[in-house]
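Right, one structure below, let's go through it.
Each chain gets a letter, A, B and so on, in the order its sequence line appears, and its residues count up from 1.
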Amino acid sequence: MISDRPIDLGAVRLVAGVDVSVKNEESQAAIVVVTYPGFLPVETVLARCPTPFPYIPGLLSFREGPVLEEAFDKLKAEPDVFLFDGMGIAHPRRIGIASHMGLWLDRPTIGCGKTLLCGRYGPLPDEKGSAAPLVDKGETIGVALRTRTAKNPMFISPGHLADIPTAAELVLNCSPKYRLPEPIRLAHNAAGQFGQ
DNA sequence: GCGACAG
DNA sequence: ATCTTGTCGC
């Protein structure tokens, strides 16, 4: 990563959730900005374009990056941090989509993966809030984080301008009820409903 | 060569 | 990610 530093959690006021859905050769991106805490939506933007690249593990930015950039251009709000559905530095080359887009945005970003791309982690208690370091080739690249008791963990890693502990704490704080962090859930819903 | 593999 | 009904469990 380019920068590894704590997020000032006490100063966070707005959090953005980012997601992309693919339908019939078309990709639609959604960004939902919510208050923190509270998770009340203050802005939602959508963008679509022909899906430009196939899905290849490790190269997600080539597939989802272009339509996301279109969406970023439409955004008026200035979120303190962006949450992505995908990896940050928990990537074979340490530059997952959250890291890549963070450089583009020059803002703090966090990768929130639902399944593992690389790395391993040890025993993880069932209780919400439990975390285990995610290690790859001797490097700690993130954490497996239980955002809901007895559910599969999320895999959290810094994207840009963030460190592992504060990234994990923010994501946990953004997951009051469901496994998926609230901003990402909202973005997922917004992106999933194409308005043809 | 074999296995693994975000969304 | 997407294709898809009902169903088990809190």
Within the 4.0 Å heavy-atom criterion, would you say A:Gly111 contacts the bases, only the backbone, or no part of the nucleic acid? nothing
Please report the interatomic distance CD(A:Glu70) to CD1(A:Ile31), rounded to the nearest 0.5 Å. 11.0 Å
Any side-chain N or O of A:Lys114 less than 4.0 Å from the OP1 or OP2 oxygen of B:dG7? yes
Atom CG of A:Leu180 to atom C1' of B:dA6: distance rounded to whole Å? 13 Å
At under 4.0 Å between heavy atoms, what does A:His100 touch on the DNA or RNA strands: base, sugar-phosphate, or nothing? nothing
Look at all strands and tell whether A:Ile97 reaches a base, only sugar-phosphate, or nothing, counting heavy atoms closer than 4.0 Å. base
Give A:Gly96 one of three labels, base, sugar-phosphate or nothing, depending on what nucleic acid heavy atoms sit under 4.0 Å from its own. base
Rounded to the nearest 0.5 Å, how far apart are CG of A:Leu134 and CD1 of A:Ile164? 8.0 Å
In whole angstroms, how far is the C1' atom of B:dC5 from the CE atom of A:Met87? 10 Å
Would you say whether A:Tyr55 stacks on B:dG7? The test is a distance between ring centres of less than 5.5 Å and an angle between planes of less than 30°. yes
Expressed in angstrom and rounded to an integer, what is the separation of A:Glu26 atom CD from C:dT2 atom C1'? 15 Å
Within a strict 4.5 Å, meaning less than it, do heavy atoms of the A:Leu14 and A:Val34 side chains meet? no
Would you mind classifying the nucleic acid contact of A:Leu59 as base, sugar-phosphate or nothing, using non-hydrogen atoms under 4.0 angstrom? base
Options B:dG7, C:dA1, B:dA6, nucleotide nearest the side-chain atoms of A:His91: B:dA6
Should A:Ser21 be listed as having a side-chain N or O under 4.0 Å from OP1 or OP2 of B:dG7? no
Atom CG of A:Asp136 and atom C1' of B:dA4: how far apart are they, to the nearest Å? 12 Å
A:Leu60 CG to B:dG7 P, straight-line distance once rounded to whole Å: 8 Å
Could you check if a side-chain atom of A:Phe39 sits within less than 4.5 angstrom of a side-chain atom of A:Cys174, using non-hydrogen atoms only? yes
Given atom CG of A:Leu116 and atom P of B:dA4, what is their separation to the nearest angstrom? 13 Å
Between B:dC5, C:dT2, B:dG7, which nucleotide has the shortest distance from any of its atoms to the side chain of A:Pro57? B:dC5
Could you check how far CZ of A:Arg63 sits from P of B:dG7, rounded to whole Å? 12 Å
With side chains defined as the heavy atoms from C-beta onward, is the minimum distance between A:Ile95 and A:Leu103 less than 4.5 Å? yes
Euclidean distance, atom CD of residue A:Glu25 to atom C1' of C:dT2 [Å, nearest integer]: 13 Å
